[in-house]
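So the structure is just underneath, and the comments pick up after that.
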Amino acid sequence: MKLLIVDDHPVVREGLAALLRQAGSNTTALLAEDSARGLALAEAHADLDAVLLDLAMPGGDGWAAIGEFGRRRPELPVIILSSSEDPRDVRKALAAGAVGYIPKSAPPKTLLAALQFVLAGNVYVPTLLANETPEPLATGDDHGGPEIAVSLTERQKEVLQLLSAGQSNKEIGRALGLSDKTVKVHVTAIFRAFNVVNRMQAAAAAKRDGLI
């Protein structure tokens, strides 16, 4: 496993790298003190498995970095590791393209479990948000407001059908002839389109909107 840690605090970077190496002898951790260095390392190392990204870095560039990682390396999972436990920050990060959000207050075993969960093709959210009901999409009002509809590609609709049927990413990949990484990209796009954070919410939102 090869991971990239982007955090402006040296103690956090080194401590997290040590934890990951202890958890797996074959784990390699690349360290970056800001998003610019992190993006450069991501482009230089095609074999990265995931990025652990802090949000509260100087200049607030952690937020912008989520989208930039997605643009340059769309198949690379970005997991936020943040001191913020505000549900609004969790939703904002996931909507920007992150596939995991781990509060820095979480114990080491939670962080490791969350990392494995994401690497298995899932989206990890902290318990403070996981059980929330997804917010409904705007559909206009009696005053003639515009209707906002979910826009999915045909491939994403196929993934959504199988996801809603309870199939795992590997099963979806086999059924559609896609790689695990490609399935992850589609699942993340589906979550973002529905403004949800897990498969159960995505299936409920799709049923609500008549897509399944």
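In this text the structure is predicted, and so the values were computed from the model without any measurement.
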Next on the checklist: Return the CD to CZ distance between Gln201 and Arg208, rounded to the nearest 0.5 Å.
Outcome noted: 10.0 Å
Next on the checklist: Any non-hydrogen side-chain atom of Leu16 less than 4.5 Å from a side-chain atom of Asp7?
Outcome noted: no
Next on the checklist: When you compare the side chain of Asp49 with that of Leu76, does any pair of heavy atoms fall below 4.5 Å?
Outcome noted: no
Checklist entry - Under a 4.5 Å cut-off applied to non-hydrogen side-chain atoms, are Ile80 and Ile102 in contact? => result no
Checklist entry - After noting the C-alpha distance and the side-chain angles of Gln156 and Val187, does the key distance pass the side-chain contact (heavy atoms from CB on, under 4.5 Å) rule? => result CA-CA 8 Å; Gln156 288 165 359; Val187 171; over 6 Å; no
Checklist outcome for this item: In this structure, NE2 of His186 is separated from OG1 of Thr153 (nearest 0.5 Å) by 6.0 Å
Next on the checklist: With a 3.5 Å distance limit and no angle check, can you tell me whether Asp54 reaches the backbone of Val6 through a side-chain donor-acceptor pair?
Outcome noted: no
Checklist entry - Given side chains that start at C-beta, do those of Val78 and Val99 come closer than 4.5 Å, heavy atoms only? => result no
Checklist entry - Okay, side chain of Gln161, backbone of Leu211: is any donor-acceptor separation there less than 3.5 Å? => result yes
Item to check | Hydrophobic cluster identity match, Phe69 and Leu41, side-chain contacts under 4.5 Å | outcome: yes
Next on the checklist: Ignoring hydrogens, what is the shortest heavy-atom contact between Asp8 and Ala56? Give both atom names and the distance.
Outcome noted: OD1-O, 3.8 Å
Next on the checklist: Can you give me the closest heavy-atom contact between Arg13 and Ile5, atom names plus distance?
Outcome noted: O-CD1, 4.1 Å
Checklist entry - Got more than 12 heavy atoms from elsewhere within 6.0 Å of NZ, Lys170? => result no
Checklist entry - Where is the tightest heavy-atom contact between Ala65 and Leu53, given as atom of each residue plus distance? => result CB-CD2, 4.1 Å
Next on the checklist: Run Leu4 and His45 through side-chain contact (heavy atoms from CB on, under 4.5 Å) and show every step you take.
Outcome noted: CA-CA 10 Å; Leu4 171 61; His45 295 266; over 6 Å; no
Item to check | Main-chain N/O of Gly166 paired to Arg199 side chain as donor or acceptor, under 3.5 Å | outcome: no
Item to check | Pairwise side-chain contact, Leu31 with Glu14, heavy-atom cut-off 4.5 Å (strictly under) | outcome: yes
Item to check | From CE (Met57) to CG (Leu55), nearest 0.5 Å | outcome: 7.5 Å
Checklist entry - Quick one: does Glu75's side chain get under 4.5 Å of Thr182's, heavy atoms only? => result no
Checklist entry - Does the side chain of Ser35 pick up a donor-acceptor pair with the side chain of Glu68 at under 3.5 Å? => result no
Item to check | Least distance between heavy atoms, Asn169 atom then Asp180 atom | outcome: O-OD1, 4.3 Å
Checklist entry - At their closest point, which heavy atom of Ala206 faces which heavy atom of Phe194, and how far apart are they? => result CA-CZ, 3.9 Å
Checklist entry - More than 12 non-hydrogen atoms from neighbouring residues, nucleotides or ligands closer than 6.0 Å to CZ on Arg37, yes or no? => result no
Checklist entry - Can any side-chain N or O of Ser164 pair as donor or acceptor with the backbone N or O of Leu160 at less than 3.5 Å? => result yes
Checklist outcome for this item: From the list Met1, Lys2, Arg21, side chain to side chain contact (heavy atoms under 4.5 Å, CB included) with Thr28 holds only for Lys2
Item to check | side-chain contact (heavy atoms from CB on, under 4.5 Å) between Val125 and Tyr101, worked out | outcome: CA-CA 5 Å; Val125 294; Tyr101 192 105; 5.5 Å; no
Checklist entry - Can you check whether Leu111 reaches Tyr124 side chain to side chain, under 4.5 Å on heavy atoms? => result no
Checklist entry - Quick check: does any side chain N or O of Arg72 sit under 3.5 Å from a backbone N or O of Ala40, one acting as donor and the other as acceptor? => result no
Checklist entry - Heavy-atom distance under 4.5 Å between the side chains of Arg155 and Glu158, does that happen here? => result yes
Item to check | Nearest heavy-atom neighbours spanning Asp89 and Ser84 | outcome: OD2-OG, 2.5 Å
Item to check | Value rounded to 0.5 Å, distance of CD in Glu43 from CG in Leu48 | outcome: 11.0 Å
